Enquirer: 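Right, I'll just put the structure down here and ask away after.
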Amino acid sequence: MESMRKKKPRPRRSFTPEFKAEIVELCRRGDRSVGQVAKDFDLTETAVRDWVRQAESTTVSATG
């Protein structure tokens, strides 16, 4: 029955643009999957994918 207890949600964390850029760069290198980078840094895969998507759209709008 104890395993049925809900975990307390983790407080929302905030990350600096520099940290996000570092994570995006690690994903772009290609030696680790997005999921592995997320796991290595205790992040959600969804957040990392969003950061990569945002970085790509920022790059496209800056060069276009």
Side-chain angles (χ1 to χ4, degrees):
M1 283 292 190
E2 281 190 43
S3 63
M4 302 275 298
R5 287 187 186 163
K6 289 187 177 180
K7 286 181 170 180
K8 284 189 175 182
R10 179 190 308 196
R12 188 174 183 104
R13 300 179 292 171
S14 60
F15 302 98
T16 64
E18 294 80 10
F19 178 77
K20 292 179 183 181
E22 181 181 337
I23 297 299
V24 168
E25 181 57 34
L26 289 172
C27 294
R28 286 182 174 166
R29 283 188 199 157
D31 56 335
R32 288 190 276 182
S33 68
V34 170
Q36 188 60 52
V37 172
K39 185 182 270 189
D40 290 348
F41 287 87
D42 192 30
L43 302 166
T44 64
E45 192 170 337
T46 303
V48 175
R49 288 188 190 283
D50 286 346
W51 297 348
V52 170
R53 196 173 307 116
Q54 288 169 2
E56 287 172 353
S57 68
T58 303
T59 302
V60 169
S61 64
T63 59

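Computed over heavy atoms, backbone and side chain alike; hydrogens, waters and symmetry mates excluded. A quick note: this is a predicted structure, and the numbers were derived from the prediction, not measured.
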Enquirer: Considering residues at least two apart in sequence or located in another chain, which fulfil the side-chain hydrogen bond (donor to acceptor under 3.5 Å, both in side chains) criterion with Glu45?
Expert: Arg49

Enquirer: Using the ring pair (Phe, Tyr, Trp, His ring centres under 6.0 Å) rule, collect all pairs that involve residues 17-37, keeping only residues at least two apart or in two chains.
Expert: Phe15-Phe19

Enquirer: Could you report the tightest heavy-atom contact between Arg13 and Asp42, atom names first, then the distance?
Expert: NH2-O, 2.8 Å

Enquirer: Under the salt bridge (Lys or Arg N to Asp or Glu O under 4.0 Å) rule, what pairs show up with a residue in residues 17-28, not counting sequence neighbours?
Expert: none

Enquirer: For Asp31, give me all partners under side-chain hydrogen bond (donor to acceptor under 3.5 Å, both in side chains), at least two apart in sequence or on another chain.
Expert: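 If we apply the side-chain hydrogen bond (donor to acceptor under 3.5 Å, both in side chains) test to Asp31, skipping adjacent residues, there are no hits.
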
Enquirer: For residues 24-46, which residue pairs pass the ring pair (Phe, Tyr, Trp, His ring centres under 6.0 Å) check, not counting sequence neighbours?
Expert: none

Enquirer: Applying side-chain hydrogen bond (donor to acceptor under 3.5 Å, both in side chains), can you list everything that pairs with Asp40, at least two apart in sequence or on another chain?
Expert: Arg32, Gln36

Enquirer: Residues in side chain to side chain contact (heavy atoms under 4.5 Å, CB included) with Thr46, at least two apart?
Expert: Thr44, Asp50

